[in-house]
K.L.:
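Just dropping this structure here.
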Number of protein chains: 2
Amino acid sequence: MAKKSNNPTMNDVAREAGVALGTVSKVVNGIPVGEDYRVRVEKAIKKLNYHINNYAQGLKSGKTRAIAVIMPNLVSPYFASLVNSIGKTLALKKHYMVFFGTDYDPDQEQEYVRLAEQQKVDGIICLSYNPKLNVSDEIPLVSIDRYFGAKIPCVASDNYGGGWLAAKKLRENGCKHVAMLRIASKLPHEPSKRRDGFIAACEAIGLSYDQKILSDGAPYQEFVDFLYEHFHDGKLDFDGLFCVTDSLVHQIRGTLKEMGLSVPEDVQIIGFDGCRNFGDLELTCSTIVQPVDAIAESAVNLILNTDQSKAPSLLCLPVEYAFGGTTRK
Amino acid sequence: MAKKSNNPTMNDVAREAGVALGTVSKVVNGIPVGEDYRVRVEKAIKKLNYHINNYAQGLKSGKTRAIAVIMPNLVSPYFASLVNSIGKTLALKKHYMVFFGTDYDPDQEQEYVRLAEQQKVDGIICLSYNPKLNVSDEIPLVSIDRYFGAKIPCVASDNYGGGWLAAKKLRENGCKHVAMLRIASKLPHEPSKRRDGFIAACEAIGLSYDQKILSDGAPYQEFVDFLYEHFHDGKLDFDGLFCVTDSLVHQIRGTLKEMGLSVPEDVQIIGFDGCRNFGDLELTCSTIVQPVDAIAESAVNLILNTDQSKAPSLLCLPVEYAFGGTTRK
DNA sequence: TTCTTGTAGATTATCGATAAATATTGTATT
DNA sequence: AATACAATATTTATCGATAATCTACAAGAA
């Protein structure tokens, strides 16, 4: 007769320690019991190598130490480093992460939120573009980069300030006329404030600008078209460019190279994100760096601090400029 | 009296459908019951929007639909795309992923394996460098990139073949004398076969080579030293370079640029990994591409196919060469 | 017609931890 | 010395799903 599993239970610990089941439960949960009892129980726990059964605990108490993290994917460096950081922060607080990738699909986003709610996780951290995401109010949810209304706390970079900073830096680097490259977004989300900040700054400091809106998932040709629209007499009619994501910087550089234009000599470029390529390698472009670790920490703290009622509805964290070779300095 | 939670249970479904609890369980688990009963239960499930309680199921059956994934981090593109792909594959098979990041720390690796075992996940997929990882044989474990012995299936790229292919391609591109840049690895793991394949190929095809072993987490200075060792009369004494990871390619390129050397004119470089920078952007270097999706799929299949006894102990998946600008073609 | 057998579905003990209810012990008060 | 009352430990019902056991009823054999 093979024993099915040799994992000791609370009952085993109680027997070993010569105390009652309830006493063990108290010790495990940090509820004060008599000194001698506590010691005996702790000794028994160590001796048997007891560890609590998550499923029993989840079933009975409704509390698990799981947090669901819902993101479009992990191949975009921004998402990857965000999830990486969230995982670390959760581990420090003795929680663990259940990850769901949505590929930006609103149906999947909704599906996973519902799934997470059914699985009774302790909280959900999600970055969703679903316009009408349906959220029960039984499980706390914190949103990243997307404001869903006052009831759901949202954590994001200071995107507006970042856009402003980009314009300021281009001006400081001597640019006379700049352009902005951005993606058409179907939905308003915090990162779209980058353009507002950039435009406001341009107007405030008297820097003339153009902007180009690329279609979502912009094909190569659109980058070419953009550049040719601004290409006259062998050179570009702008000397500074703000791309709302680093990804755009990389894409446009390929085209610039083909046209024989060099960066930063012919045009200075600032991106947005600042996620290091292999974790800690040097930046591949000058950029506005998002405080990924701070965003992750804030999101985790908001999720774990139970009184969501007095949580801020929007938390904007400061960004900074970092030189990465695509500007003069 | 407010009801604490409005999640319906199997009992609620049974009452609604006018059948017994056990019958509902059978329907939910696909065990055949009378046609009329099945229909009534299914109708009740839909009406009440019933979903099974994972914790109750986990407690009773010992089966959960969770797979633990243990990786060093998510900021390295290879790990990130691997985890991304594993998550997708699991989702297709109605499983979900619990992610743990270890930062290469053997203690954390061990800790998370144990934690996962205690949480009674259905399986563990792990990429660990811990030499003496202690694994219970109660829960199936699949290793990626590291061979732990015949009892634990290991999935990896054909690293040896990849190294061989790199040498072959450098030769095809006209290289006369090549060098290899690799990291000193404390532990034997599958990727270290890249160098063996490369060296074997060089010898087989009569291509002369040098190799440089960098210390782990190589500082900038080591790259400089390496290049100066091979720099005579204004040029390098090799015309082809194989870096065992793409990350090394990026690091060495910075130094090459500072020395006024250009790629691929002065030296052609081939890396290893081939993870696209933003998921699907173009490659940043010529490289041996690892079949990340295939690795992920294989690992998931091995984990979910219960009869691990007849699983292969090592599964090597084919790699391919991809041009990325750092070679002639 | 009676008895067996088979084939459903219905009951119920169980998984391991929690917390409310209960029992026990010791201290204080009269 | 007797009673009341804390304070602390033990019992036990419970969470929701599973599966072994039980029950009922129908078809077939004698």
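Convention: sequence-line order gives letters A, B, ...; per-chain numbering from 1.
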K.L.:
Rounding to a whole Å, what distance do you find between A:Asn54:CG and D:dC15:C1'?
P.N.:
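One finds 15 Å between C1' of D:dC15 and CG of A:Asn54, rounded.
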
K.L.:
State whether B:Gln57 places a side-chain N or O below 4.0 Å from either non-bridging phosphate oxygen (OP1 or OP2) of D:dG16.
P.N.:
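No, no such contact exists.
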
K.L.:
Using a cut-off of less than 4.0 Å, is there contact between a side-chain N or O of B:Asn53 and OP1 or OP2 of D:dC15?
P.N.:
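No.
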
K.L.:
On DNA chain C, nearest-nucleotide positions of A:Ser61 versus B:Ser61: which is more 5'?
P.N.:
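Looking at DNA chain C, the more 5' nearest nucleotide goes with B:Ser61.
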
K.L.:
Expressed in angstrom and rounded to an integer, what is the separation of B:Arg38 atom CZ from C:dA8 atom C1'?
P.N.:
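Roughly 16 Å, once rounded to whole Å.
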
K.L.:
For A:Asn29 and C:dT18, is the shortest distance between a side-chain N/O and OP1 or OP2 below 4.0 Å?
P.N.:
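Yes.
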
K.L.:
Given atom CE of A:Met10 and atom P of C:dT14, what is their separation to the nearest angstrom?
P.N.:
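Interatomic distance, CE of A:Met10 to P of C:dT14: 20 Å.
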
K.L.:
Considering just the side-chain nitrogens and oxygens of B:Ser25, establish if one lies under 4.0 Å of OP1 or OP2 belonging to D:dT18.
P.N.:
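B:Ser25 to D:dT18 OP1/OP2: side-chain N or O found under 4.0 Å.
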
K.L.:
Name the one of B:Gln108, B:Arg146, B:Glu109 that satisfies side chain to side chain donor-acceptor pair (under 3.5 Å) with B:Ser128?
P.N.:
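Output: one option passes, namely B:Glu109.
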
K.L.:
Could you check how far NZ of B:Lys63 sits from C1' of D:dA19, rounded to whole Å?
P.N.:
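Interatomic distance, NZ of B:Lys63 to C1' of D:dA19: 16 Å.
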
K.L.:
Classify the ring geometry between B:Tyr55 and A:Tyr55 as parallel (under 30°), tilted (30 to 60°) or perpendicular (over 60°).
P.N.:
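Plane angle between 30° and 60°, so tilted.
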
K.L.:
Under a plain distance cut-off of 3.5 Å, with no hydrogens placed, do B:Tyr78 and B:Asp145 share a side-chain donor-acceptor pair?
P.N.:
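Short answer, yes.
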
K.L.:
Determine whether the side chains of A:Lys93 and A:Asn301 contain a donor N or O and an acceptor N or O closer than 3.5 Å.
P.N.:
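On atom types as modelled, these side chains qualify, holding a pair under 3.5 Å.
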
K.L.:
In this structure, how many angstroms lie between the P atom of C:dG16 and the CD atom of B:Gln119, rounded?
P.N.:
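Spelled out: CD on B:Gln119 to P on C:dG16 is 15 Å.
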
K.L.:
Starting at atom CD of A:Gln118, determine the distance to atom P of D:dG16, rounded to an integer number of angstrom.
P.N.:
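Spelled out: CD on A:Gln118 to P on D:dG16 is 14 Å.
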
K.L.:
For B:Pro153 and B:Pro312, which heavy atoms make the closest approach, and how far apart are they?
P.N.:
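So the minimum-distance heavy-atom pair works out to CB-O, 3.5 Å.
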
K.L.:
Provide the full list of salt bridge (Lys or Arg N to Asp or Glu O under 4.0 Å) pairs with a residue in residues 12-26 of chain B, sequence neighbours left out, each pair given once.
P.N.:
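Matches after skipping sequence neighbours: B:Asp12-B:Arg15, B:Glu16-B:Lys47.
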
K.L.:
Are OP1 or OP2 of C:dT18 and a side-chain N or O of B:Tyr55 less than 4.0 angstrom apart?
P.N.:
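No, outside the criterion.
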
K.L.:
In whole angstroms, how far is the P atom of D:dT14 from the CG atom of B:Leu59?
P.N.:
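After rounding, the reported distance stands at 17 Å.
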
K.L.:
Rounded to whole Å, please give me the gap between CG in A:Asp12 and C1' in C:dC15.
P.N.:
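Result: 13 Å.
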
K.L.:
Could you check B:Leu127, B:Ile124, B:Leu141 and say which one makes a side chain to side chain contact (heavy atoms under 4.5 Å, CB included) with B:Ile70?
P.N.:
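Looking at B:Leu127, B:Ile124, B:Leu141, the match for B:Ile70 under the side chain to side chain contact (heavy atoms under 4.5 Å, CB included) is B:Ile124.
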
K.L.:
Identify the pairs formed between an N or O of the protein and an N or O of nucleotides 6-13 of chain D at a distance under 3.5 Å, and give each distance.
P.N.:
| residue | atom | partner | partner atom | Å |
| --- | --- | --- | --- | --- |
| D:dA9 | OP1 | A:Gly34 | N | 2.9 |
| D:dT10 | OP2 | A:Ala20 | N | 3.0 |
| D:dT10 | OP2 | A:Thr23 | OG1 | 2.5 |

